[in-house]
Asker: 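The structure is given below, and queries will be raised subsequently.
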There are 2 protein chains.
Amino acid sequence: MPYYRRLYELLRKHIREGVYKEGDLLPSENELCSLYQLTRPTVRQALSALVNDGYIRKQQGKGSIVNKIPQGIGILSVSGTTTALKNQNLKTITIEKPRVITWPGNFMFGLSETEKESGCIYMTRLRLLNELPIFYDISYIPNINLPRFTARKFDNRSLFDVLRKTYQLEITSGEQKIRAIKAEQKVCDFLQIRTGHPVLHMERKMHTNRPGLNIYSSIYCNTREHAIYGTF
Amino acid sequence: MPYYRRLYELLRKHIREGVYKEGDLLPSENELCSLYQLTRPTVRQALSALVNDGYIRKQQGKGSIVNKIPQGIGILSVSGTTTALKNQNLKTITIEKPRVITWPGNFMFGLSETEKESGCIYMTRLRLLNELPIFYDISYIPNINLPRFTARKFDNRSLFDVLRKTYQLEITSGEQKIRAIKAEQKVCDFLQIRTGHPVLHMERKMHTNRPGLNIYSSIYCNTREHAIYGTF
DNA sequence: GCTAATAACTTGTAATTACAAGTTATTATT
DNA sequence: AATAATAACTTGTAATTACAAGTTATTAGC
């Protein structure tokens, strides 16, 4: 792991654990240099990654100021869904275990030839916050070089954790379409809401560090109690 | 304007105008160096800003690959709402002209003391896409050093354009809460939809380059025809 | 005691050099 | 002709140096 990345991970951990609180100043770039035996460009690379991910903001002449950690459900952020939640009780239930299907006709995003040919791993999950169902997820993953995937279990573990640890797959960026819709019967049942209740529908395409491999989800979200929170 | 910024603006313009199309490779970093008489760190700074804003992705050993330009309604991106739309006919109507009010009780985000003391500029606008109302915007701006703001006109011009050009205010980042709700009567009237139709509700806090000055909006969005599109 | 200049910080920009690591086209070998 | 090694690219990481520009604390002068 490169030096700038190590420093990034360390500072990120410190911020998340409250070593540096909201409004605090990080050590200055020169201090970080001498603390960790790095040069300024390297330190700046780590800091700009933190700025990028919303952990700090910088002000010329002043320093690196720690931002408030997102407390809501940070599903809009790049990092996995589970990560943004800290003390809240989030549980994941697999409704349909992963199985290989042919891609649905009229898919939400355009597919490459490679993706079309390789078929699709399909699974549905329900995610509960404090015992209340919040997300109904339908995931579509191209069946490209992911051995034994359908045999894996995801209960109480983020799909993205498995992808990262087992297949070294990381989400690098993505696109999404968001709508407010009247939920159909099946979705209402899963989310335990009245038929026709407004529901947030997200269609996401997530790019990974493996070029050409994208992960797709269709997510229905009950926002009655919790809003979707995101930074940009 | 710094060199890296100039190169960023130029390449961004070229991508938006189609000089480089989706999937194309930009000139290599070394080519850009000799083309514009810059050094590689400077070129890389410009490119990483383009990666950041989703215009390109990079692949080691290959090059900088141009991404698809977002064609939807790019309200989730940092840049102003109007910018992401290209050939579509977007019109803005001011419903309530900017006026100074006291901050509403139970405001959607916590306010600093400075913000509370300085009062609030309030305005509401309706934005139409191809003659159809899509967004109903309520904006709240702290009345801090913005001379003659209430006298300005915003018809058919992005609020953010005025803020940038008149007051050198730029949005640097922000946070938002998103919900699917049943629209109340007034909102339905503005958006020309049936009472109780699902509507997307966004509450946004936008940080600016002027430390301590944030812009707030509450946006109701009709997503029946158009989805909100964003990259991350 | 107050004010203004200054010094000592902070981050921002930029050139230079060097090598590592991934990709692609070329060349040599079989 | 197909394959494997290689060379010539590409971007990634990292140290070094220098000065510009913004912020804050100190100091000198009144």
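Side chains are part of it too, since the values below use all heavy atoms of this structure and drop only hydrogens, waters and symmetry mates. Naming: A, B, ... by sequence-line order, numbering from 1 per chain.
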Asker: Within the 4.0 Å heavy-atom criterion, would you say B:Pro41 contacts the bases, only the backbone, or no part of the nucleic acid?
Answerer: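 Base, at least one base heavy atom under 4.0 Å.
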Asker: If only side-chain N and O atoms count, and only distance matters, is there a donor-acceptor pair under 3.5 Å linking B:Asn67 with B:Glu22?
Answerer: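 Side chains of B:Glu22 and B:Asn67: no pair found under 3.5 Å.
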Asker: So which one's nearest nucleotide on DNA chain D is more toward 5', B:Leu26 or A:Met1?
Answerer: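 So the residue in question is B:Leu26.
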Asker: Within this structure, what is the CD1-NE2 distance for the pair A:Ile178 and A:His201, rounded to the nearest 0.5 Å?
Answerer: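 These two atoms lie 10.5 Å from each other.
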Asker: For DNA chain D, whose closest nucleotide is more 5', that of A:Arg40 or that of A:Tyr3?
Answerer: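 Here A:Tyr3 is the residue nearer the 5' end.
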Asker: Just say parallel, tilted or perpendicular for the rings of B:Phe107 and B:Tyr216, cut-offs at 30° and 60°.
Answerer: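 It falls in the perpendicular class, over 60°.
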Asker: Are B:Tyr8 and B:Asp53 close enough that a side-chain donor and a side-chain acceptor fall under 3.5 Å?
Answerer: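 Result is yes, a qualifying pair exists.
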Asker: Scan B:Ser28 against the nucleic acid and name what it touches under 4.0 Å (heavy atoms): base, sugar-phosphate only, or nothing.
Answerer: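 Sugar-phosphate only.
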Asker: Does A:Lys97 count as lying over the ring of A:Tyr122, i.e. NZ or CZ under 6.0 Å from the six-ring centre, within 45 degrees of the axis?
Answerer: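 Judged by the rule, A:Lys97 and A:Tyr122 form no cation-pi pair.
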Asker: Can you list every stem that DNA chain D is part of, counting only runs of 3 or more consecutive Watson-Crick or G-U wobble pairs with both distances under 3.5 Å?
Answerer: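 Result, WC/G-U stems under 3.5 Å: C:1-30 with D:1-30.
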Asker: Per the side-chain hydrogen bond (donor to acceptor under 3.5 Å, both in side chains) rule, what does the pair list look like for residues 41-51 of chain A, sequence neighbours excluded?
Answerer: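 Listed once each, the pairs are A:Glu29-A:Arg44, A:Thr39-A:Thr42.
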Asker: Just the endpoints, please: which first and last nucleotides of DNA chain D, 5' to 3', lie under 4.0 Å from a heavy atom of chain B?
Answerer: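 Endpoints of the contacted stretch of DNA chain D: D:dT10 to D:dT13.
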Asker: Under 6.0 Å from the six-membered ring centre of B:Tyr55 and within 45° of its axis: does the NZ or CZ of B:Lys68 meet both?
Answerer: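 Output no; distance or angle outside limits.
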Asker: Can you establish whether the number of heavy atoms outside B:Tyr36 located under 6.0 Å from its atom OH is more than 12?
Answerer: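 Counting neighbours around OH of B:Tyr36, more than 12 heavy atoms of other residues, nucleotides or ligands fall under 6.0 Å, so yes.
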Asker: Students often get this wrong, so: under 4.0 angstrom with heavy atoms, is A:Thr39 touching a base, only sugar-phosphate, or nothing?
Answerer: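 Base contact.
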